[in-house]
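Written out below as structure tokens is the structure these notes cover.
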Amino acid sequence: NYTDLEIMQSTDGYLEIGAKDGTKAEALTVLTDIYNVKPENVMALGDNYNDLYMLAWAGTGVAMGNASDEVKAAADYVTTSVDEDGIMNALKHFGVL
């Protein structure tokens with residue numbers, strides 16, 4: 001009975017085990033509290049299962065082009081892969097650059 005742990009498969013053959021409150025979304029919550037930024041003003045980019053909570057938490061969740069279909073489905077927008085300048089393309093898409 002390990003109710004204080006979160007177990008997640010981030011890629012095939014790779015299992016991540018951590019504290020339930022140790023997700024990327026929780027880390028962003030700490031940072032946004034410090035800097036007084038609302039979650040709806042945050043863009044989070046991710047490509048794997050360990051990014052699902054973060055993508056759902058952020059006002060704008062962006063999945064990389066190389067992400068699994070499940071991660072892409074959880075995102076608000078899907079950009080190109082990292083190798084295809086996906087971060088820059090997402091920032092341009094949303095008018096940040």
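With sequence neighbours excluded, the residues that form a side-chain contact (heavy atoms from CB on, under 4.5 Å) with Ala58 are Val42, Ala44. Looking at residues two or more places apart in sequence or on another chain, you find no side chain to side chain donor-acceptor pair (under 3.5 Å) involving Glu70. Residues satisfying the side-chain contact (heavy atoms from CB on, under 4.5 Å) test with Ile34, not counting sequence neighbours, are Val30. Taking Met88 as the reference, Asp85, Lys92, Leu97 meet the side-chain contact (heavy atoms from CB on, under 4.5 Å) condition, with sequence neighbours excluded. Scanning for side-chain contact (heavy atoms from CB on, under 4.5 Å) contacts around Ala74 gives Leu52, with sequence neighbours left out.
Put simply, Val82 and Leu91 are part of the same group of oily side chains (I, L, V, M, F, W, Y) that touch within less than 4.5 Å, one to the next. Trp57 is not connected to Tyr53 by any chain of hydrophobic side-chain contacts under 4.5 Å among Ile, Leu, Val, Met, Phe, Trp and Tyr, and they are in different clusters.
Not a single donor-acceptor pair under 3.5 Å links the side chain of Thr60 to the backbone N or O of Met43. Panel note: side chain Asn66, backbone Asp47; no donor-acceptor pair is recorded below 3.5 Å. Remark: the backbone N or O of Gly61 is paired with a side-chain donor or acceptor of Asp76 at under 3.5 angstrom.
Rounding to the nearest 0.5 angstrom, the gap separating the OG1 atom in Thr32 from the CG atom in Asn41 is 10.0 Å. Between the CD1 atom in Ile17 and the CG atom in Leu5 there is a gap of 7.0 Å [rounded to 0.5 Å].
Met54 and Leu45 make their closest contact through CE-O, 3.4 Å (heavy atoms, listed as atom of the first residue, atom of the second, distance). When all heavy atoms of Gly46 and Leu55 are compared, the pair lying nearest together is N-CD2, 3.9 Å.
The aromatic rings of Tyr77 and Phe94 lie perpendicular to each other, with more than 60° between the two planes, well past the 30° mark.
Sorted by first and then second residue, the salt bridge (Lys or Arg N to Asp or Glu O under 4.0 Å) pairs involving residues 24-41 (not counting sequence neighbours) are Lys24-Asp51.
Contact annotation: the side chain of Met64 approaches that of Ile87 to within less than 4.5 Å [non-hydrogen atoms, C-beta and beyond].
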